[in-house]
Structure formats: C-alpha cells, structure tokens
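Working notes for the structure below.
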Amino acid sequence: MILSYITIALRNLLKHKLFALINIVGLTLGLLIFMFSVLLAAYEENHDHMFDKRERIYTLASKFAPTSGEAIGLYPDSATAYGPLIRNRLPELEAVARAVHRIKQVTIDKDSYYLGTRFVDKDFTRIFNFNYIHGNETALDRPDGLVLTRSLAEQLFGSANAMGKTVKVEQSIELQVTAVIEDIAADSHLNSDMRPKYALGLIASYHALTQIDKFTVEGEMGNNSAAIYVLLPQNRDKTWLQHEADAMFDAHTPEEDREYTEALRVRPLIMSNTMVWDAMGFPVMIAAQVLGLMVLIIAALNYTNLAAAQSFGRVREVGLRKALGASKAQLLQQFLIESLTIASFAMLLALAAIEWLVPLYNSGTSKAVALNYSQVLPYAIGITLLVGLGAGAYPAYQISRHQPIESLRGGANKAGGSQWFRNILIAAQFSLSIFMLAMVMVVYFQNAKMQELSASFNKSDTLVLGRMDVEAIVPKQEALKQQLLNKEGIAAASYSNAVPFQSGGYRRSAAARAGDEAGRFDVSFVSIDFDYLRNYRQELIAGRNFNKQRSQDIFDDSRTTINVIVNERMLQKLGISSAEAAIGQNFHKILDEKYPTEREYHIIGVVADSYFFGVHQPIPPTGFMVRPEDYRFLSLHLLPNKRQQGVLNTEQTWDALIPNYPIQSKFLTYYFRLFYRIAEGINAVISGFAGIALMLSLIGLFGLAAFMAQRRTREIGIRKVLGASLGQVIGLLVWQISKPVLWSVLIAVPLSYLAAGMYIDFFPESIQSILPFVAIAVIIAIVMAWGIVAIHAWRVARQRPVHSLRYE
Amino acid sequence: MIKLQNLCKSYRGDEIETIALNQIDISMDEGEFVAIMGPSGCGKSTLLNILGMLDQPTSGQYFFKGQDISGYSERQLGQLRKENIGFIFQNFNLIDELSVRENIELALQYHNIPSKQRRERVAEVMDRVGIAHRADHRPGQLSGGQQQRVAVARAVVAKPILILADEPTGNLDSSHGQEVMKMLQSLNREGTGIIMVTHSSAHADYARRCINLFDGQVLAENLRAVS
C-alpha cells in the first residue's frame, strides 16, 4: 500500500512538473540552509574535542569594567599575575598554566622568520594531551625547551626529526627542540583564525619570555595577555572555581586595575572558541541558526501553500477513492506519505549539496568542518519527518475531509483550504523575506558607514612597516626613512607607535587640573614624528604642527612639561569651548603607583576628530606627541600610480640596510580588515540567507500565482467574453495576491525596525535612519511579487477566450 | 449583418488533423433568429465560437457588419464583441464568487458606463427576466432555470444586436427550457438577432431559419414557420 502511495506521489510529481520543481527546489534550499547553519554552529561550538580532559579544563577570562573604555565586555585573556596566584591558592587543582601568545623573530642558522609563539607554564603540556612524535610532556620542564608541531618542524628543518636542534629567538636567546607533536586539527581554539599567526606552531617556556620581554615569572597585574588554563580535579566543578576565582580577585587586585577589569569569569574550554562572538555582545551563532530556521520555515510554508492549492486539482481522485471505500485516515496517510516523499527527496538533494559546499567552505575559511553522518543522519531524518509531516498536514487534512459526493461533483471551490488560510501563509512568508532583506540592507549600509568613517585614512596607498622597535633596527630608523624617501613611488614616510585601526598607543589618566581625581578621564596617547599628521592628512584646525627646531616639541623624560597636539574630543573633556581657545592651555597626568612621574601637557595644536582607533568605539580624547623611543611603525605613503614600484623599492632598501630581519610590511587595509572582518562576515552570512529567503518566497509566489490563474481560468474566460481587456484581467489577479503581501508589510516593518535598531546599537556611529532601508525592502518585495504575478497573469490572460472557457 | 465565406476550421493534433468546419458559407441579416442543429461533434459549437469571435477560423472570410474581420487582432475582436454580442451558454458560465446582481453587472463593467446607470440597467433587466428577488444570492444557491435566467439577463444587459446561445436549454427541464425560449423569442421580436445551437427540434421551431450541420458541412438550410 505504502509503495503504491509512493508511486502515486512520484507520478504526481512527474505530471505537474512545474509545481514539483518549485516544491523540491524550495524545500531543498530551505533544508540546505538550515542544515548548513546548524552544521557550522555545531562546528564552532564543539571545538577542542581532541583533548581528553577537555571537560575539566577551564579558562579565566576578564570581564571589562564599564570604565575601561573597551568596546567589548569579555576578553579571553587575563592578567599574567592570576596564574601563579590561583595555583598557590588552590593546591588541589591538578594543573594551572598560562599561555602568552606573541609573534617573535625566530632564527635558524641564517634564516629568520616571524612566527606565532606560545610561552607557557610547564603544566601546559599536562593539561593538553598532544600526540608526541618525539619527546614527551616533560619537554617544557627545562626553561630552554621548545615544542614544534610536525608541519612547522618540516618547514623549518625539512623533517619532523628536529630533536635537539637549536633555535634563536629575537636574536637573543637560544632554545632547543625538546619535542615534536602532531599538528592540531583546525577545530581547536589553539588554531582560532581570529588573530594573525595564532595557529599552534611553536611552544616555548614562560621563562623564555621573561628573558626577551618585560615579563616576570610571577606575572603582572596590569598585563592582560595570558590565557590561563585550569585543570579541575574530578570532584570539583565550575561554580566552585568561580567562587574561588572571585575570592582571589578580591584579595589581590589593586583598586586602579579594577577600573579596567572588574571580575574574572570562569569559562569551560569548550566555549573558548565562540568567545570572540560572545565578547562582541552580538549573538552571532544563535543569529545564524535563527536565520537558517527562518529560511526553512519559509520553504515549509511555501510547500504547504502550494500543496494546499494543488490539492484542488485532485478532488475527483479523492472522491473516487472515497467512493471505493478509502477511509479518511487512509487518505490522510496517503497525502502525508506524498509530502514525506517530497521532503525526503529534498533532504537527499540538500545533503548532496552540503557535501559539495563543505570543502568549498573549508578551503575558503581554513576551517575543517566535516559532515559526519553518524551525527547528522538521525538529525536529518528527524528534520525530514518534521518538515514532511508539518508541511503536509494541512493540505492532507483539507483534501481528505470532504464527502465523496461533493468531491466527485468536483466541489472544487471547497478544496485547497480557505483562501484566508493561504493568505496568512503568504503573508508570513513575505514578512520573513522583507525582514531579512531589510536586515541585509541595514547591515550592508552600516558596514559602508564604517568604511566611510575610516575613509579619512588612505588605506590602500599606505604601506605600514612593523617591528621598528626591535633593538637592532632602532639605530637604523632614520637612515631607512631617508633612503626610502629618495626612492621612486614613495611620497612620504613617518614613524609612530600606532597606526590607524591597529588600536596601539597607550592610555593615561588625566585631568584639567593637577591632582583633580574627580575630574579624571582617560586619554589615548600616540607617539608620532614631525611628518606624521601631515602625511596622514590629519588637518590642524588650530595652533601649529610639531617643529623640529623647537626642543620642547620633543618628549624628554626629564622635563615635566610636554607639548602635545590634541583632538576635538579632548577639548570637550577639558571643557574648552573652541579650538583657538585651547592653544596654550595645559592639562595634567593623574599620578598613581604605576606612573608616578609628574607630567603637564601643553596644547600647541588641535586636529579634527578621526577614527584613529577604529569605528567600533567612540572617538577617545587623544593626544599626539613626538616621542622617538616609542616608534614601532613606519608608514609609507605610496604614489597610487607607482604602488608596485614603491613596494618593490621598499623591500630592496630594507634588505640592503637590515639584512638580518625579514621585512614586516602590510597595507593599512590589512589592519582595517583585521578589525572589520567579523562585521563583514556577518554581512555575508545574512545577505546569503536573505537572498535565498526572498528567492524562496518569490518561487512560492510564482507557484501560487500559477495556481490562482489556473483556478480562475474559466472566470478569466467569462470576463474576456464580456469584454475585459488584458490589463483588466492582469489587474484582477495581481490584486488578489496583493492583499496578503500588503499584510506582510504590516508585520515586517515594525519587526525589522526593532531588529535593525538592535543591530546598529552595537556601533557608536551608526546610519542615520533605518526606515528608508525598511521601506526599500518593502518596495523590492512588493514590486517583485507584482512582477511575477503579472507575468503569469499575462500569459493566461492573453489566451483566446474559447480556450479558457473550455477549461475543466 | 453576418456573412461567412468558405470558412474552415481545423485542429492539428499529434498525428492527425481534425477538420471541424469545412467550407462554410452562411449569411444572416440583422434581427434574424437562426437555429443551428446537428449531431454531437458536427461542429456546431465551433461555428458558434467563431461567430462569437471567441475563436478564429483557420481559413476563409468572416464579414461582420460588412467588414472582413478574419484578420483582426484579439484586441479588435474583443472591442467588436463587447459592443455587439451577448452570450448564453449551456452551463451558464456564471462566476460563483459573485452575486446575481454582480454577475449581470459584470457585462456593463467593461463598457465605461457610470455606476448609477449600470445599477438601473441591471435592476431593469432583472425585473424583466424575473430574478430580482434573488439579486443578492450566489449562483450556487439558484436552480438551473434561475441560473440560466441570470445568464440571459447578463447577455442582454449591454443591449447587444446579436445574442449567441450555445444549447441554452441543454441543462434545463422542459418547463424551464420553455421559459428561456420564450424569453429569447421576445428579445428577437424586439429586434435582437439570435443564433442558437440546439439539439431540440421543438426549440429550433422558435427560429425563423434552421441550419443543419453534419461533419463540419452545411447539410441543409430551411426556413421554418414561426410559431
């Protein structure tokens, strides 16, 4: 019996090819998007499965205080001091290890590389069970030990057998390879792609770090750069650890540091990977899954609507079956099996498409998403049943409930469910489409807004050379700059300790009057050279630029007063009404234990506000000063038409002057992208989903228009016989479908307004108004709906009336 | 008013060509009542559809009011049809979703007639066919005879000079059939031309002239004594 139902279902599909195509394509797309979004979310949320003890591993994250001025609430790393503190406080912990990630210059014989290196406490290898090719977990017990991954060992030494080889770090210390481990799969937080060169490669001891950077083994309070891993004993849980971490925080954290970090958050290792998203405060993972679900719902609604409409054509078949003795239950069963057949077919296609998409996605993102059937299959079957039964229930019920005689007579108008119900389905579908379309536009234009705000910096013609603060390079800074300025393609060059979007510089507390604790605020200081503001086209609106001839313009640690140029936001903080009035005014550093030297800042110029520190946060009060010992970057402004030449000349000049150190050059665009790729990623995902959602709705509408026109064929014929023109007939059909589409506007507009409002609230500077975008989304949806229905109506209406009348 | 010359209509199927009308020559004067008779499949309805400009001949000429309209576009035909012809069908062809009043008014809606005037004309014609008391009912709520009266009302409301009726009594019992024929007769007496396809020779007797079709050809044409 069931086999015969399936056969009939397949025959029906073949008979109504257009409807079958629409139904299957629609459901396939819906299932594809939904399954894919769930797969991606599961991938991101199920990292670090390769570590045996992962259920007992926790991290200590920092919760930033509102006074910190940070744009994010939660940060995965915390102060290096907390590692030893929690270790000493809780002897029962099985292991505690800090890991500080730094990009370091690594030299083997004569070749130098910049490699991401983790400096870790020795228990790191006891918390994470790596697969050792050579050596074992004691590898970092000696302070000069070094662990390499297999691929890095092969890259650096030509084979995995690198045991005992010597590696020089930052030209100052020598480490020996004491272990080689197998590479860690991409789905570990240790390989997260959110930071440059973050993937696991080199692991050295924390002790090594203390020799090359300003770190101490016991750690510092103000240095939030350590990932702290804790391995809990079997009998303890997260709540206990959080309690203890809170007590430790209260006991040891100095007052001034609490203004920056207000608490520690114990988080399971499993959540480490999604932390970036959590930190942003925007539920990206949930949003992706909800959007995926929305698309699936649209597809299911489509199916229900079309199937209900189509059942109209099968009333006679049902009547006949009833007359031959079929019960209502049997008919219900028949139609449900039909919809299940279609849903299964769509699911198979969707899985095939995912098989094809996953490798593409992986190669595009350097992730390792895998379609694991033992996990996916039960889920896929469940979804298929849900969609098949859910979407098929209404049409099946509608068609099986009629009296046989009614059906045999072709009680056509009663079949296919009420117009009212179908209108609700269309309205729901279109509401979702308009909503998604509006969101895409808001996200897109918000991104464009950020691009526009950042446009005051010439991103694509500015080449930034990094690591200018390396001891061996510092003496050559001036020579390098002079030589480069003489080369073709390079228009200007300037040094600084921070470049736009890279969030460098440093922060100090200051106030208008010395020692005024109540009036204190944070100032971001950037150290620049004499040409910097001019080269970056930062316009002075009052006062003068720094001048080489004036000795007070150069920072000197022995002098109390320093000349600075400030931005407009600074004037607001100081309560100065105009830029002109600010010239010659002073403000003061607020002293504390860490920065006890007295300092008075003398304003010599004012620049317009710019988004130097990125668009993700409000522009902070900023002070520029000339302080050569801080320089870390050299910004080269290339001539747009000689960019290639400029890059080439830069590399040649560098190699000739500083042969021991590889050049570290990036266009400013790189720093910008580094910052905004999350926003860009969200945009891409939402656009894709919304595009498909709208497409599905339109496909559905097309099917429905086809059905409606078909159903009204005889009426169209009568109207034409009575003299209706082509336009009048089209108008009739278009109006019929317009009603539910107009309802959907009423639902979608407030909904998208709210959601878009929430989204742009994440940005300090946002697009002026959301309404125009919502309006455009509405117009696009309606115009496309009308267009599709009108095209169909036209095809039906231009037939000779005799064909229409003969129909049925 | 109408003149068909050498008119042919054929349908091309997958393998065979079916000839529905073969070299028809007919003419008809204004105000005439003509019946078309013949067995099933002889081409009666095809002829009527071509006469009513719902379908176009494959070859031959169709003069309507002296103009050859065989080359007219769908639009031109629509205009001509709207102004001159009313239709009555065997299966009534009323729109189920509209009330009796609305169904009748539909024929005026496409004529650019002000709504007040439209309502008056509809009321008048409903009185005349005796359906005024069911004005707000849907076709589904009426008997077959009542439905056909609505259809007649719709056919005449725009005051056409010609009414084409395709077996108007085919779905009715004899007394209702009689009623409809009387209506057509009185319309004809007021000057409206009528062409009616029928199986019933009793009803054909209402016509002044009868054309017998067989296999798509005119077999005989005879004048009848008007009863």
Side-chain angles (χ1 to χ4, degrees), chain A residues 309 312 315 402-403 405-420 422-423 707-733 735-737 739 793-808, chain B residues 9 11 20 45-57 72-98 102-113 138-140 150-151 153-158 160 163-164 166:
Chain A
F312 155 75
V315 170
H402 294 296
Q403 294 298 318
I405 186 65
E406 233 178 286
S407 313
L408 270 179
R409 253 194 222 135
N413 295 314
K414 285 158 204 125
S418 65
Q419 180 67 40
W420 186 77
R422 279 205 306 276
N423 279 350
F707 161 74
M708 282 179 174
Q710 186 184 336
R711 217 187 122 175
R712 297 180 80 170
T713 304
R714 193 175 66 101
E715 180 188 334
I716 292 169
I718 297 172
R719 285 178 184 271
K720 286 196 75 177
V721 166
L722 294 176
S725 68
L726 192 64
Q728 283 163 323
V729 171
I730 292 175
L732 186 77
L733 290 172
W735 171 240
Q736 188 182 8
I737 216 125
K739 272 184 282 179
W794 178 74
R795 277 176 39 191
V796 176
R798 61 192 262 274
Q799 286 188 358
R800 284 191 200 146
V802 66
H803 293 297
S804 319
L805 280 178
R806 216 179 267 146
Y807 184 77
E808 281 177 17
Chain B
K9 177 75 183 176
Y11 298 101
S45 293
T46 307
L47 179 60
L48 201 67
N49 284 336
I50 290 175
L51 285 170
M53 306 166 197
L54 301 178
D55 204 355
Q56 283 182 310
Y72 272 29
S73 73
E74 185 61 39
R75 227 181 109 134
Q76 288 170 303
L77 291 176
Q79 194 61 30
L80 213 54
R81 189 166 65 217
K82 185 161 90 176
E83 286 163 3
N84 298 296
I85 306 175
F87 290 87
I88 301 171
F89 301 95
Q90 179 180 7
N91 60 357
F92 324 132
N93 271 337
L94 299 174
I95 295 175
D96 298 328
E97 285 79 10
L98 303 180
E102 289 162 341
N103 262 294
I104 299 171
E105 199 181 339
L106 200 61
L108 295 176
Q109 247 173 25
Y110 302 115
H111 280 84
N112 282 332
I113 296 173
R138 298 285 173 89
V150 176
R154 185 180 64 185
V156 302
V157 72
I163 286 180
L164 299 180
D166 191 355

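The chains referred to below are lettered A, B, ... by the order of the sequence lines, with proteins before strands, and numbering in each begins at 1. Both backbone and side-chain heavy atoms feed into the values below; hydrogens, waters and symmetry mates do not.
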Report which part of B/L98 has an atom under 4.5 Å of a heavy atom belonging to chain A: side chain, backbone, both, or neither. side chain
Would A/I718 and B/R154 satisfy side-chain contact (heavy atoms from CB on, under 4.5 Å), going step by step from the backbone distance to the final call? CA-CA 11 Å; A/I718 297 172; B/R154 185 180 64 185; 3.4 Å; yes
Ignoring hydrogens and angles, tell me if any N or O in the side chain of B/R81 forms a donor-acceptor pair with the backbone of A/K720 under 3.5 Å. yes
With a 4.5 angstrom heavy-atom cut-off, which part of B/Q56 approaches chain A: side chain, backbone, both or neither? both
Return the minimal non-hydrogen interatomic distance between B/Y110 and A/G723, and the atom names on each side. CB-O, 3.6 Å
For the residue pair B/I95 and A/R719, establish whether any side-chain heavy-atom pair is separated by less than 4.5 Å. yes
